[in-house]
Amino acid sequence: MAIEYQPKIVGFLCNWCSYAGADVAGTSRICYPPNIRIIRVPCSGRIDPLLVVKSFQQGADGVLIAGCHPGDCHYTEGNYYARRRLALLRPFLEYIGIEKERFRVEWVSASEGKKWAQVVSSFTDELYKLGPREMTLAKGTG
Amino acid sequence: MARTGVFICHCGTNIGGTVDVSKVLEAAKSMPTVAYVDDNTYSCSEPGQASIHDAIIENRLDRVVIGCCSPRMHENTFRKTVATAGINPYLLEISNIREHCSWVHGDDKEAATDKAIELVRMAVAKVASLEPLFSRQVGLTKRALVIGGGIAGIQAALDIANADYEVVLVEREPSIGGRMAQLDKTFPTLDCSACILAPKMVDVAQHPNITLLTYAEVQDVKGFVGNFEVNILQKARKVDHIKCTGCGTCWQKCLERTPSEFNLEMGKRSAIYIPFPQAVPLKPVIDTEHCAHFKYLEAKEEGRDLPDCNICQQLCPVSAIDYEQEDQIISERFGAIIVATGYQTFDHSVYHEYGSGRYADVITGLHLERLLSASGPTGGEVIRPSDGLLPKTVVFVSCVGSRDEQKGRAYCSKVCCMYMAKQAIMLKEHDPEVQCYIFYIDIRAGGKDFEEFARRAQEEYGTLYLRGRISKIYQEGKKLIVCGEDSLIGRPVEIAADLVVLATGMEPSIGAAELAQRLKISYDTNNFFIEAHPKLRPVETNTDGIFLAGSCIGPRDIPESVAQGGAAAAKVAALFSQDVLTTDPMVATIDPMLCSGCLLCTQVCPFNAIDTQVTRDGRTIALVNETMCKGCGLCVASCRFGAADLRGFTQQQILAQVTSLWR
Ligand code: FES
């Protein structure tokens with residue numbers, strides 16, 4: 001019997017804006033789907049593309065990255081580096097067979113609890129539509 | 001083998017009401033390295049912390065995971081708890097099962113419980129790979145640098161000096177005093193600006209803890225909080241200020257005359273000069289561009305002949321004139337820096353409709369201040385710059401270079417509404433026959449006694465306020481015709497004025513952006529410096545040890561600048577009250593074996609926290625300055641060789657979280 005498909009999502013959130021924004025979603029009790037697993041990093045600029053690829057390799061159906069709005073990075077420019085680096089990552093993901101819709105980068109501020117909940121909901125919805133990812137990346141290799 | 005203790009907090013019913021804590025504990029028991037599990041009603045309460053403390057000791061735990069609220073809430077609390085039980089405070093991981101789980105999945109208890117288990121599993125995986133971290137202590141130089149000798153900088157310098165720390169105050173002009181020294185009266189109390197400022201200037205000059213460096217500029221800044229190394233350029237004054245007594249013979253006898261910058265070119269000064277009578281220091285500098293002696297020297301070099309002059313040198317009773325004096329670099333160490341570089345007024349020549357600066361009798365508010373001032377170029381008589389006649393009809397135009405996106409100035413300069421009201425009052429006081437008109441967009445009088453003051457200008461002094469922008473100003477005979485629209489009655493108005501005063505807005509002083517780059521602090525699109533937090537850290541920057549005060553952050557009036565100068569000084573005093581600085585150990589590291597020396601990290605680091613070092617085998621590689629590093633991890637993600645890593649968020653630790661998922 002096929003188990004019901006539940007999208008698996010890894011979220012990398014910068015500590016200063018987006019992680020705090022997700023906290024605000026909590027304090028305001030805004031419900032969103034439980035599929036996401038949040039990993040706290042100091043800044044979106046810390047996110048090594050390898051971490052994204054490893055997440056997919058681990059079986060994630062989607063990876064979400066969230067950082068401060070451009071101009072608001074706690075370290076002034078980390079998210080600019082992140083933006084460029086992750087833009088370059090996207091074609092590579094497609095190259096290795098991961099649809100570009102499975103990888104999202106969003107800017108969520110420390111006050112945008114509502115936006116955070118919307119981002120997670122819409123991403124989860126989208127992954128439901130896309131269905132499970134074909135296991136193009138074998139676990140444990142590379 | 002690590003022995004991890006997992007503690008799950010019910011947080012009353014905040015967590016326990018949604019997440020089945022007993023299930024989470026059950027699942028945690030079988031996670032790798034977990035040696036002990038327990039729950040608390042409130043882990044952060046005193047009994048909660050005590051039970052964690054005791055469990056650590058009784059079960060010889062060496063790492064701790066706490067499933068509770070956000071680490072942004074209580075990470076520090078629990079670091080202290082584990083430290084009291086003898087565990088390195090950095091061998092703790094918080095699993096956020098409240099804000100990120102129970103509070104947002106209250107609608108699905110089963111899913112919330114499953115997610116909580118997974119979140120705890122991630123934390124357990126990470127905690128196993130954590131390493132003990134140790135903060136370091138560095139010494140600090142208890143001497144402050146204040147850049148800018150306006151009222152904000154003066155206040156900051158005095159307050160730090162009164163807290164008994166040394167201060168160096170650097171001002172690029174020949175005298176301190178800044179813009180406030182140019183003002184006649186201040187709103188809304190009509191205090192004489194110079195009279196309330198001058199005593200403070202004198203206090204600066206006489207304070208044993210303050211070293212005053214005027215006619216000097218900050219050239220470059222290296223280092224970090226507690227240990228800045230600064231080079232200051234002392235421009236050649238051509239006058240030995242140690243010998244000079246400020247007797248005034250030289251500037252009285254000097255034959256050259258050149259427009260005075262202080263009086264906005266409305267009066268003249270000598271080539272050896274003090275900018276204004278109350279200048280501090282009351283010792284002159286020679287403006288070599290206009291001095292006959294230096295013109296003679298220059299001509300001689302070019303083979304031309306000009307008469308020489310050295311009257312000042314001949315007449316100086318203490319032989320203080322030193323034509324040979326050169327620029328000098330002063331290198332000093334500082335523990336903290338306060339930037340208070342202030343503002344300048346907007347250049348209205350971009351407004352073609354107001355004559356682009358062509359009409360002599362279209363002046364700025366600051367010009368009017370100088371005309372109103374008893375020590376100004378006219379001795380306090382307000383006359384038309386063109387013909388010296390007394391103006392009877394004066395029109396003020398507000399928001400020139402403020403609230404005007406087309407001119408690239410979207411912000412409100414905040415003080416103009418009030419200074420226009422004040423000037424209208426002062427004009428009427430000077431000459432009861434004067435009629436003032438103020439074209440305004442809004443009257444912004446949001447300050448203590450401001451509204452009342454603006455009302456007085458209208459009711460007691462008969463100033464006519466007309467709401468609307470000016471479309472054109474042109475000359476007709478001796479009059480300036482001001483065309484505008486009274487938008488309240490929707491009709492065009494035309495006024496034949498004798499004098500037009502443009503309320504030009506504030507913009508950062510020239511060179512602000514370059515200074516910000518030298519200091520590595522951020523500035524906005526208007527070149528105003530950016531505070532660390534606009535509400536909660538209004539006088540700090542994102543660089544530790546560098547503080548801000550006054551209009552270099554944005555338009556400020558005098559009391560705000562004074563308050564900020566004092567606030568920045570208090571921050572400095574608090575910093576200096578420590579004998580050593582403790583650094584955050586969650587900083588970047590570079591593995592010297594893996595570093596290729598490409599030094600890309602030095603380019604991406606926003607804090608200049610990466611130095612270089614030469615290894616014993618002669619390779620140049622990167623080296624993290626742990627005091628300057630803020631732990632953002634930019635270098636880690638850009639290092640192609642995996643040499644850079646970030647303590648507390650290492651590649652291995654994050655990967656441990658990832659690979660623990662969906663087991
Ligand atoms: S701190 Fe949020 S993106 Fe840099």
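Here is how names work: the chains are called A, B, and so on, in the same order as the sequence lines, proteins then strands, and each is numbered from 1. Keep in mind that this is a model prediction, so the values were computed, not measured.
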Roughly how far, to the nearest 0.5 Å, is the [atom2] atom of [Y] from the [atom1] atom of [X]?
X: B:Leu655; Y: A:Leu50; atom1: CG; atom2: CG; result: 6.0 Å
X: B:Met122; Y: A:Arg37; atom1: CE; atom2: CZ; result: 8.0 Å
X: B:Phe649; Y: A:Asn15; atom1: CZ; atom2: CG; result: 6.0 Å
X: A:Arg29; Y: B:Trp103; atom1: CZ; atom2: CH2; result: 4.5 Å
X: B:Cys632; Y: A:Asn79; atom1: SG; atom2: CG; result: 11.0 Å
X: B:Lys630; Y: A:Cys43; atom1: NZ; atom2: SG; result: 13.0 Å

Under 4.5 Å from a heavy atom of chain B, the part of [X] involved:
X: A:Ala60; result: both
X: A:Thr27; result: both
X: A:Ile47; result: backbone
X: A:Ala82; result: neither

Between [options], who has the most heavy-atom pairs with chain A when the cutoff is under 4.5 Å?
options: B:Asp108, B:Asn14, B:Asn96; answer: B:Asn96
options: B:Val636, B:Leu646, B:Val604; answer: B:Val604
options: B:His100, B:Arg98, B:Glu99; answer: B:His100

Notebook entry, point to check: Between the main-chain N or O of B:Leu661 and the side-chain N or O of A:Gln58, is there a donor-acceptor pair closer than 3.5 Å?
Noted result: yes
Check: Quick check: does any side chain N or O of B:His105 sit under 3.5 Å from a backbone N or O of A:Tyr32, one acting as donor and the other as acceptor?
Finding: yes
Applying ring-ring contact (aromatic ring centres under 6.0 Å, His included), name anything that partners [X], two or more places apart in sequence or on another chain.
X: A:His74; answer: A:Trp16
X: A:Phe12; answer: none
X: A:Tyr81; answer: none

Of the non-hydrogen atoms in [X] and [Y], which two are nearest, and what is the gap between them?
X: A:Cys31; Y: B:Gly106; result: SG-N, 4.3 Å
X: B:Leu634; Y: A:Arg85; result: O-NH2, 4.1 Å
X: B:Trp662; Y: A:Ile9; result: CZ2-N, 3.7 Å
X: A:Asp48; Y: B:Gln651; result: OD2-NE2, 3.0 Å
X: A:Pro34; Y: B:Ala111; result: CG-CB, 3.7 Å
X: A:Gly45; Y: B:Ala637; result: O-CB, 3.2 Å

Check: Would you say B:Ile654 and A:Arg46 make side-chain contact, with heavy atoms under 4.5 Å?
Finding: yes
Item checked: Sidechain N-carboxylate O distance under 4.0 Å for A:Arg40, B:Glu75 -> yes
Atom group of [X] that falls short of 4.5 Å from chain A, counting heavy atoms:
X: B:Ser102; value: neither
X: B:Asp524; value: neither
X: B:Leu119; value: side chain

Margin query: Quick one, B:Val658 with A:Gln57, criterion side chain to side chain contact (heavy atoms under 4.5 Å, CB included). Give me CA distance, side-chain angles, the key distance, then yes/no.
Written below: CA-CA 10 Å; B:Val658 172; A:Gln57 204 175 27; over 6 Å; no
Note to self: Run the side chain to side chain contact (heavy atoms under 4.5 Å, CB included) test on B:Lys115 and A:Ile36 for me, step by step, so that the C-alpha distance in whole Å, both residues' side-chain angles and the decisive distance to 0.1 Å come before the verdict.
What the structure shows: CA-CA 9 Å; B:Lys115 178 167 175 176; A:Ile36 189 157; 3.8 Å; yes
Check: Can you tell me if CD on B:Glu110 sees more than 12 non-hydrogen neighbours from other groups inside 6.0 Å?
Finding: no
Check: Among residues 66-74 of chain B, which residues come closer than 4.5 Å to chain A, judged by heavy atom distances?
Finding: B:Ser70, B:Pro71, B:Arg72
Next item on the list: Specify which of A:Thr76, A:Asn35, A:Ile38, A:Ile30 makes the most heavy-atom pairs with chain B at under 4.5 Å.
Entry: A:Ile38
